[in-house]
Amino acid sequence: MLDRNLIRQNPDLVRVGSKRKGVDAPVDEFLSIDTSWRTATHEWESTQAEMNRVSKSIGALMGQGKKGEAEEAKARAAELKAKVGTQEERAKQLEAQLREIELRFPNLPHESVPDGMRPEENVTVREWGDRPTFAEPPRQHFDIALEHRLIDFERAAKISGSGFAVYTGLGAKLHRALIQFMLDHQVQVNGYDEVYPPSLVLSSSLVGTGNLPKFEEDLYSTKDDLYLIPTAEVPVTNLYRDEIFDGTDLPIKHCAFTPCFRREAGAAGKDTRGILRTHQFEKVELVKYVLPEESYNELELLVVDAESVLQALGLHYRVVLLCAGDMGEKGCKCYDLEVYAPGEDRYLEVSSCTNFEAYQARRANIRFRRGPGEKPEFVHVLNGSGLAVPRLLVALLETFRLSDSGDIVIPEPLRPYMGIGLLTRPK
RNA sequence: GGAGGGGUGGCAGAGUGGUCGAUUGCGACGGUCUUGAAAACCGUUAGGGGGCAACUCCUCAUGGGUUCGAAUCCCAUCCCCUCCGCCA
């Protein structure tokens, strides 16, 4: 959702920004309905004001015992009531139209975001580390996982169907170690406050983050009005729905570990082997609520916080600034972190760090006050993964498997959690 | 699951059909007094929509209804608390 005043006062800005995202925003339609709605609302409220006045006078007249006059006023009020009814209906209908139109507006890309529609037009802003080299062609993660008995794909399919993994033995432990390490790292090194939210949320929470009504087919639902979360962004962003922060408390930074559930309805046949794309995966998420004037600076810091995990693990990666047409509808500016997976010989997205500005805050009604007596303003909300576990695991297995022995070296920061420094290949 | 009780402003807590968007207390903010502070005293203090503005409309959990008029009456839904049962 955009600020209505922005569309009214600066329609061209909205047209141009939307076009950069490849969306033909209904600006003219909005402006026309908006004008009608405001006129209708004004008429409706005027009649209502008169009715309220008459109603109030009845009470006074009754009090003074002027029964006759009170009866006259009652008749007058009844007339006005009928008028209010039709005017209200028209105003409400126009407002509903306006809301429907409003939801078709994408968030506008920031000026620093490059033009483009396709992934190839994204811009790599920096790389870290070197591509690892191997004596023999590096193996792919599902082979390594089988070799070390870290993941049982067959039994996963038996119990849950395709697109799931059962982590076994040291695989399960490594999975858990990554989560523990990332949480501790974000809390202790980067100063995030940990929360553990529910994995089932009401539909109203999904509307707050913009997943509903548009992306219903991506979500798992239940018989109740509860949905499985596609990302911790949903419960964590909604923590403060309808609340007003004290401006001096900002920024507020949360990290959260949750499982994430996605139907991947549009991705059938893509990345079907292994754990590159599964219906359930685990992730540590970072969410920040910040002052509007700080949000772009905070975005850079968010990226650095997410990157620091990859650096600590010693994994080669790149930071990609997404072009306007590839970042999705909700964001203003988005950096992807892509870790290099040698066996796949490609870069895997393990984090999307996005500044939504006030887009989500407006939908979820999350505000702050600069000082006593000041009007509440919408906060800017940012989030990014820090990081997604399965793809990180892929990069880790493929990067640290020694060609000669087949053993896997555990990166130093994970050793306290694993209790060992090397996964030796079972015979 | 059964039986009761309840959801009002930052918090506490009045208000059972008519100047109630709401008495009061606490907190917060501003001021007087003071060298400074405390105390005392005075004042301010919900959110949102529309309008350049005057102003106006909506909101007392949510959605309907009754009425000229609803925080107040009726219906439904949600949430919270207490007791009993059940399960950990």
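Below, read A as the first sequence line, B as the second, and so on, with proteins coming before strands; counting in each chain starts at 1. Because the structure is predicted, anything quoted here is derived from the model rather than measured. Keep in mind that the numbers below use all heavy atoms, side chains included, and drop hydrogens, waters and symmetry copies.
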Please identify each residue that fulfils ring-ring contact (aromatic ring centres under 6.0 Å, His included) with A:Phe105, with sequence neighbours left out. A:Phe30

Between A:Glu357 and A:Lys333, does any side-chain N to carboxylate O distance fall below 4.0 Å? no

How many Å lie between CD on A:Gln9 and P on B:C52, as a whole number? 10 Å

Parallel, tilted or perpendicular: which describes the rings of A:Tyr240 and A:His254, with under 30° parallel and over 60° perpendicular? parallel

Determine, for A:Trp37 and A:Arg8, whether the Lys NZ or Arg CZ falls below 6.0 Å from the six-membered ring centre while staying within 45 degrees of the axis. no

Atom CE of A:Met51 and atom P of B:C57 are separated, to the nearest Å, by 10 Å

A:Glu50 CD to B:G69 C1', in whole Å, measures 15 Å

Interatomic distance, A:Leu2 atom CG to A:Arg362 atom CZ [nearest 0.5 angstrom]: 6.5 Å

Can the positive tip of A:Lys253 be found less than 6.0 Å from the middle of the six-membered ring of A:Tyr192, inside 45° of the ring normal? yes

May I ask which nucleotide in the shown strands pairs with B:U67, Watson-Crick or G-U wobble, both distances under 3.5 Å? none

Pair assignment for B:G4, Watson-Crick or G-U wobble, requiring both distances under 3.5 Å: B:C81

With both distances under 3.5 Å as the test, what is the Watson-Crick or G-U wobble partner of B:C60? none

Strictly by Watson-Crick or wobble contacts shorter than 3.5 Å, is anything paired with B:A40, and which nucleotide is it? B:U32

Can you check nucleotides 16-20 of chain B for protein contacts, nitrogen or oxygen pairs under 3.5 Å, and list what you find?
from, atom 1, to, atom 2, distance (Å)
B:G18, N2, A:Ser55, O, 2.9

Aromatic contact, A:His380 with A:Phe356 (centres under 6.0 Å): no

Whole angstroms only, please: what is the CD-P distance between A:Glu72 and B:G69? 18 Å

Are any of the side-chain heavy atoms of A:Val113 and A:Leu322 separated by less than 4.5 Å? no

In the structure shown, which nucleotide is the Watson-Crick or G-U wobble counterpart of B:U19, with both distances under 3.5 Å? none

Before accepting this row, confirm whether a basic side-chain N of the pair A:Glu88/A:Lys92 lies closer than 4.0 Å to the acidic partner's carboxylate O. yes

Atom pairs under 3.5 Å, N or O on each side, protein against nucleotides 43-50 of chain B: can you list them with distances?
from, atom 1, to, atom 2, distance (Å)
B:G47, OP1, A:Arg369, NH1, 2.6
B:G47, O3', A:Arg367, NH1, 3.0
B:G48, OP1, A:Arg367, NH1, 2.8
B:G48, OP2, A:Lys375, NZ, 3.4
B:G49, N2, A:Glu45, OE1, 2.4
B:G49, N2, A:Glu45, OE2, 2.7

